[in-house]
2 protein chains.
Amino acid sequence: MDEIDRNITVALQLDGSAGLAELAKVAGLSVSATAERVKRLEERGVIRAWRADLDPVAAGCPLLVHILVTVAPGRDETAFRMAMRRQETVLECHAITGDWTYLLKVRLADLPALDAFLNDELRAQSGVQRVETLLAIATVKETSILPVAPATEE
Amino acid sequence: MDEIDRNITVALQLDGSAGLAELAKVAGLSVSATAERVKRLEERGVIRAWRADLDPVAAGCPLLVHILVTVAPGRDETAFRMAMRRQETVLECHAITGDWTYLLKVRLADLPALDAFLNDELRAQSGVQRVETLLAIATVKETSILPVAPATEE
DNA sequence: GCTGAAAACATCGCACG
DNA sequence: CGTGCGATGTTTTCAGC
């Protein structure tokens, strides 16, 4: 993970469709050397996948909500976690520090869909004690581009 | 946005490197018809970009925190929003309903980096009254794959 | 580990069903 | 609107440094 790899990963997060010729310029390397770097980044698991980035509104899920959940302590939370993983409206589910147990990020079509999710999917889960819904009024920023750290060499 | 477009967008979110031949099979269409669909989805802004999906740990930002922020009411929040947009450790920033004003999603290298972010970047912003940090202990699920709704035809 | 060129492949454009 | 073929450009491979 040297400076060249860092430049490559940043560039590929911004635009993965540019092609190796353009990427080689950014890296300051030849085309085949660049291709080898990219291949190694994939093999090492740094690059997990190549994805199309969709517009949430165009995809039909303009409503964004974060949901704080408290699950009864002492219970087996495996069932809850599996249920969250299965739900494709649940984009994220993190176990967190503080008063709450989980924080969810959920994308939905509209308020009826939110109502249905809260009642049928979330509160229906055994162990769920308390739920607080934070509705996003405006999204100031939403990116999946990670700041690649000048970190560990290998 | 018919069933075929839906299948295409789902497939391209899961793996955008497969190529048109493979995608045509999923779509049940010819290669060139599939290419035209993809092109139209890009033109319509449904597909915003093609990106490399990185592993956060390998990228050197294993620490994930969500931060709730209260900004003093009546103030001009443009400066705050611009500051959040500039920070590349801030992956998301949403204005939300409820007791808090904003919810941030932040990825960092370690706890010293979090300390620096809270003191130098966040609390340094004028108008910031209250901050609560939710540290992610475990990530049950984290995806950027949107559930493409069987929604509006065009 | 990087370079450069040749072979293999996928994409794009056009005429046709 | 979908299909198939040819032209173009890109990725992949390989010998050499």
Side-chain angles (χ1 to χ4, degrees), chain A residues 1-55 57-60 144-154, chain B residues 1-55 57-61 144-146 148-154:
Chain A
M1 248 306 182
D2 58 359
E3 173 108 31
I4 298 172
D5 281 336
R6 211 153 53 245
N7 290 338
I8 289 173
T9 48
V10 169
L12 289 179
Q13 283 188 102
L14 291 167
D15 183 9
S17 69
L20 289 172
E22 189 112 348
L23 192 63
K25 282 188 229 165
V26 177
L29 255 49
S30 74
V31 173
S32 21
T34 308
E36 207 175 307
R37 291 266 188 164
V38 174
K39 197 178 151 196
R40 252 184 68 78
L41 286 166
E42 288 179 306
E43 283 166 358
R44 283 167 50 197
V46 180
I47 297 174
R48 287 191 295 200
W50 301 93
R51 304 217 143 96
D53 178 48
L54 301 194
D55 175 32
V57 177
S144 59
I145 297 164
L146 302 177
V148 184
T152 57
E153 57 185 80
E154 197 172 314
Chain B
M1 248 309 181
D2 57 358
E3 173 109 31
I4 297 172
D5 281 335
R6 210 152 54 244
N7 290 338
I8 289 174
T9 48
V10 169
L12 289 178
Q13 284 187 101
L14 292 167
D15 183 9
S17 70
L20 289 172
E22 188 110 349
L23 192 62
K25 282 188 229 164
V26 178
L29 252 50
S30 74
V31 173
S32 20
T34 308
E36 207 175 308
R37 291 267 189 163
V38 174
K39 197 178 152 198
R40 254 183 67 78
L41 286 165
E42 286 178 309
E43 283 167 356
R44 283 168 49 197
V46 180
I47 297 174
R48 287 191 296 201
W50 300 92
R51 306 215 137 97
D53 178 51
L54 302 194
D55 175 31
V57 176
C61 41
S144 60
I145 297 164
L146 302 177
V148 185
T152 57
E153 57 185 78
E154 198 171 316

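Lettering of chains follows the sequences in order, A, B, ..., and the numbering in each one begins at 1. Below, each value reflects all heavy atoms present in this structure, side chains not excepted, and no hydrogens, waters or symmetry copies.
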- Considering all heavy atoms of both residues, which atom of A:L146 and which atom of A:Q13 are nearest to each other, and what is their separation? N-OE1, 2.7 Å
- Task: Please state whether the phosphate of D:dC1, meaning OP1 or OP2, lies under 4.0 angstrom from any side-chain nitrogen or oxygen of B:R37.
- Result: no
- Taking only residues two or more places apart in sequence or in another chain, which ones pass side chain to side chain contact (heavy atoms under 4.5 Å, CB included) with A:I4? A:D2, A:I8, A:A27, A:L29, A:R37
- For side-chain contact (heavy atoms from CB on, under 4.5 Å), just list the numbers for B:V148 and B:M1, CA-CA rounded to whole Å, side-chain angles, deciding distance to a tenth of an Å, and then say yes or no. CA-CA 10 Å; B:V148 185; B:M1 248 309 181; 4.0 Å; yes
- Item | Atom-pair distance (CG on B:L23; P on C:dA10), nearest Å | 13 Å
- Item | For A:E43, salt bridge (charged side-chain N to carboxylate O under 4.0 Å, His left out) partners two or more places apart | none
- Message: Treating A:R48 as the side-chain partner and B:L54 as the backbone partner, does any N or O pair qualify as donor plus acceptor under 3.5 Å?
- Response: yes
- Query: Between A:A149 and B:G60, what is the shortest heavy-atom contact and its length?
  - Reply: CB-O, 3.6 Å
- Query: Rounded to whole angstrom units, what separation is found between the CD atom of B:E36 and the P atom of D:dT3?
  - Reply: 11 Å
- Query: How long is the line joining CG of B:D2 and C1' of D:dC1, in whole Å?
  - Reply: 12 Å
- Mind grabbing the angle between the end helix axes of the helix from C:dG1-D:dC17 to C:dA15-D:dT3? Five pairs an end, 10° rounding. 20°
Detail all sub-3.5 Å separations between protein N/O atoms and N/O atoms belonging to nucleotides 15-17 of chain C.
none

- Looking only at heavy atoms, the pair that brings A:A21 and A:V31 closest together is CA-CG2, 4.2 Å
- Mind listing the closest non-hydrogen atom pair of A:L14 and B:R51 along with its distance? O-NH2, 3.7 Å
- Query: Which is it for B:L23 and B:V38 under the side-chain contact (heavy atoms from CB on, under 4.5 Å) test, yes or no, and what are the steps along the way?
  - Reply: CA-CA 10 Å; B:L23 192 62; B:V38 174; 3.7 Å; yes
Please write out the pairs of protein N or O atoms and N or O atoms of nucleotides 11-15 of chain D separated by less than 3.5 Å, giving the distance to one decimal.
unit_1 : atom_1 : unit_2 : atom_2 : d
D:dT11 : OP1    : A:L20  : N      : 3.3
D:dT11 : OP2    : A:L20  : N      : 2.8

- Message: Rounded to whole Å, please give me the gap between CG in A:L29 and C1' in D:dC17.
- Response: 15 Å
- Item | Set of residues satisfying side chain to side chain contact (heavy atoms under 4.5 Å, CB included) with respect to A:S17, sequence neighbours excluded | A:D15, B:W50
- Provide the full list of side chain to side chain donor-acceptor pair (under 3.5 Å) pairs with a residue in residues 20-36 of chain B, sequence neighbours left out, each pair given once. none
- Atom CH2 of B:W50 to atom P of C:dA10: distance rounded to whole Å? 16 Å
